[in-house]
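All remarks here apply to the structure that follows.
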Amino acid sequence: MVRATASAAALLLLAAGTALVAVRRAGGEGHAVGLSVGVGLLAVVALGGIVRPTLPAVWLVPVHLAVGIALSVVAGARAARMSEPVRRGLVLASAAVQGLAVLWALPLLAVVLLGPAGWVSRVWSGTPGGAREAVTAGSPWLPQSQTAPLVLAAVAAVLACAVRAAAWRARALTGVLVLGWSALMVVPAALDLPYPAALMVEGLVTAGLLATAARSRTARSVTAALPASVLALVTSVSLAFLSLPARSVTLGVLTALTAFFAVGSLRRRLAVLTAPAALVHGTALACAVGAAAGWAPQHTALLVLVVPAAAALLAPTAPAAPRPPAGTPHRSTRRWAGRPAPLARTP
């Protein structure tokens, strides 16, 4: 098996060398870039396949990812000695490998986010034995996905370090935020941590994202705060479903989420997302309290009405929009500035 793998790797490296010779003889820049991409992909498959017989299957994707990242490092370190088409092709090959690695890790993220919804049909049926049982809710587990957090974190680190251009920096940081969030979300299930640890991780992620969004002050940072707010909202929904197996956990989590988003609503620029989320979580908390107390539906409905009533009472205390300085003309006045006033209609 090892000998066959080494022979296959040697053939792939030979093909990569042949393609590299063709790159130097290629006349057009487009052909050179395409051939360089092929050289990079062949090198990744060859070098990653060498260690395949000696490593568990769960490490195959991280090994190929490491080779792909090394390819971009080589392209950056040897940029002065490489032609621009070759360097660009190697960078594109590295980006393709990293993209495929992220796609490989996405199914686990989907399980972590959507799997807890299965507890809706088994509310308060008992505390799960671990994070994997909690996120799958009886569904089959994805095998060989324990290294998904490592893959997502590695790609996030490369994206944060590689993209330095000012035109792409903001988008790169958004990608780093999403990839880092994905890595944190899948850690408890990948490592099969205890159920309370999974709840703690998602609760801290929600609070951290809301705090990140609330710290934005400039116009650019306000735009950057939108992804953090959306990710906090998605995490809170997953956490709410994850808390359904146990009654006390459900009440505690819904209380915390209601408080998180209510505090976030004090920031006017976040209120468009956090205020409705606070109302939804507060309504769910009221329903959970009524169900835990064994109240009749009509009595629970009265408790639910307390949530919008409290929101209506607290809404006037929210910070108001800044008023224009004295002497500033009204918007309608500025509209007709420098123009003849419209003629009044005669009856």
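Counting begins at 1 with the first residue of the sequence. Just so it is clear, the model here is predicted, and its values are computed rather than measured.
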Yes or no on side chain to side chain donor-acceptor pair (under 3.5 Å) for Q98 and S94, after CA distance, side-chain angles and deciding distance?
CA-CA 6 Å; Q98 295 177 52; S94 176; 3.0 Å; yes
Could you walk me through whether V135 and L242 satisfy the side chain to side chain contact (heavy atoms under 4.5 Å, CB included) test, starting with their C-alpha distance in whole Å, then the side-chain angles of each, then the deciding distance to 0.1 Å, before giving a yes or no?
CA-CA 7 Å; V135 299; L242 194 64; 4.2 Å; yes
If you apply the rule side chain to side chain donor-acceptor pair (under 3.5 Å), what do you find for T274 with S265, and how did you get there?
CA-CA 5 Å; T274 55; S265 300; 3.1 Å; yes
Going through the distances and angles, do W295 and L303 end up as a side chain to side chain contact (heavy atoms under 4.5 Å, CB included)?
CA-CA 10 Å; W295 293 352; L303 182 61; 3.7 Å; yes
Checking side chain to side chain contact (heavy atoms under 4.5 Å, CB included) for the pair S125/W119: CA distance, chi angles, key distance, verdict?
CA-CA 9 Å; S125 57; W119 291 106; 3.5 Å; yes
Verify side chain to side chain donor-acceptor pair (under 3.5 Å) between W181 and T235, making sure each step is shown before the conclusion.
CA-CA 9 Å; W181 166 78; T235 308; 2.8 Å; yes
Run the numbers on L177 and L209 for side chain to side chain contact (heavy atoms under 4.5 Å, CB included), then give the verdict.
CA-CA 10 Å; L177 176 65; L209 289 170; 4.0 Å; yes
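Looking at heavy atoms from C-beta onward, L106 lies in side-chain contact with L109 at the 4.5 angstrom threshold. Within the 4.5 Å cutoff, the side chain of F261 has no heavy atoms near those of the L273 side chain. Counting only heavy atoms from C-beta outward, the side chains of L239 and L257 approach each other to under 4.5 Å. Between F241 and L114, every side-chain heavy-atom pair lies at or beyond the 4.5 Å cut-off. By the 4.5 Å heavy-atom criterion applied to side chains, L251 and V289 are counted as neighbours. With contacts defined as side-chain heavy-atom distances shorter than 4.5 Å, the pair S72/L90 does not qualify. Between V151 and P62, some side-chain heavy-atom pair lies under the 4.5 Å cut-off.
In this structure, G282 and V307 approach most closely via the heavy-atom pair O-CG2, 3.6 Å. Nearest heavy-atom pair across A291 and W124 is CB-CH2, 3.9 Å. Counting all heavy atoms, side chain and backbone alike, L108 lies closest to A148 at CD2-CB, 3.7 Å. Taking each heavy atom of L103 and P107 in turn, the nearest pair found is O-CD, 3.2 Å. The two residues R122 and A137 make their nearest non-hydrogen contact at NH2-O, 2.8 Å.
With hydrogens and angles ignored, the 3.5 Å screen pairs a side-chain donor or acceptor of T174 with a backbone N or O of A170. Distance alone, capped at 3.5 Å, places no donor-acceptor pair between the R269 side chain and the A225 backbone. Here the side chain of R169 pairs a donor or acceptor atom with the backbone of V163 at under 3.5 angstrom. At distances below 3.5 Å, not a single donor-acceptor pair connects side-chain atoms of R132 with backbone N or O atoms of W141. Side-chain N or O atoms of T147 include one that pairs as donor or acceptor with a backbone N or O of V58 at under 3.5 Å.
The CG atom of L199 sits 11.5 Å away from atom CG of L193, with the distance rounded to the nearest 0.5 Å. The NE2 atom of H64 lies 9.0 Å from the CG atom of L47; values are rounded to the nearest 0.5 Å. Here CG of L65 is found 8.0 Å from CG of L150. Values are rounded to the nearest 0.5 Å. Atom CH2 of W59 and atom OG1 of T54 lie 13.0 Å apart (nearest 0.5 Å). Taken to the nearest 0.5 Å, the CG atom of L270 stands 7.5 Å off from the CG atom of L210.
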